[in-house]
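These notes concern the structure reproduced below.
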Amino acid sequence: GDTVVVGAPGPGGMSGGSGYVFTREVAGSLTSGWGQRSKLLGDKLAEGNGPDSFGFGRSTAIDGDTIVIGASSEDLKSPYSGSAYVFTRDIASELKSGWTRLSKLFPADGAAGDQFGIDV
C-alpha cells in the first residue's frame, strides 16, 4: 500500500499517545520516499485535557481509507476497560488528504481490565 500508520503510545504507553500517518510521495512507486500526512490523537490530547492517552497508539491497523487505533487503558466503563478510535481519510484514495475521527468504539459490557483495543 501507499499509506501506513505508526503508533506512538508515549512513555510507558500511558501518556502522550498518538498515531502518525505516512504516505508515499509517488503513489505505487516502490522507490518513492515517504512523508508524514497527519498526527492522530485520542480524546484527551485532541481536547487539550492533559497528557493521559490511555494507551492510545499502542495498537494500529489500516485498511484503505480507514484507520483504527486502540486505547486499551481508557476508563470508559471502568478502569482499563479500553476503546478503539476509527478515522477515515477526508478524500477517498487521495494520498495527501487529511484524516478525521469518525467514531469511538467500546463494548457495551466493558469491564475493569478488559483492555478492549489492545489489538486492532
Q | Thr100: partners by side chain to side chain donor-acceptor pair (under 3.5 Å), with sequence neighbours left out | A | Asp90
(Q) My understanding is that only residues two or more places apart in sequence, or in another chain, count here; which of them pass side chain to side chain donor-acceptor pair (under 3.5 Å) with Ser29? (A) Thr31
**Q.** All side chain to side chain donor-acceptor pair (under 3.5 Å) counterparts of Ser59, not counting sequence neighbours
**A.** none
(Q) For Arg89 and Thr3: C-alpha separation, side-chain torsions, deciding distance, then whether side chain to side chain donor-acceptor pair (under 3.5 Å) applies. (A) CA-CA 11 Å; Arg89 200 183 312 252; Thr3 305; 3.2 Å; yes
**Q.** ILVMFWY cluster membership beyond Ile118 - transitive side-chain contacts under 4.5 angstrom
**A.** none
Q: Report the residues that fulfil side chain to side chain donor-acceptor pair (under 3.5 Å) with Arg24, sequence neighbours left out, ordered by chain and then residue number.
A: Asp2
Q. Given side chains that start at C-beta, do those of Ile62 and Ile67 come closer than 4.5 Å, heavy atoms only?
A. yes
Q: List, by chain and then residue number, the residues other than Val4 in its hydrophobic cluster (Ile/Leu/Val/Met/Phe/Trp/Tyr, side-chain heavy atoms under 4.5 Å); write none if there are no others.
A: Val6, Tyr20, Phe22, Trp34
**Q.** Residues which pass salt bridge (charged side-chain N to carboxylate O under 4.0 Å, His left out) with Glu25, listed by chain and number, not counting sequence neighbours
**A.** Arg37
Q: Determine the minimum heavy-atom distance between Gly110 and Ser81, stating which atoms define it.
A: C-CB, 4.3 Å
Q | Other ILVMFWY residues reachable from Val68 by side-chain steps of under 4.5 Å | A | Val86, Leu102, Leu105, Phe116, Val120
Q: State which residues pass salt bridge (charged side-chain N to carboxylate O under 4.0 Å, His left out) with Asp119; sequence neighbours excluded, sorted by chain then number.
A: none
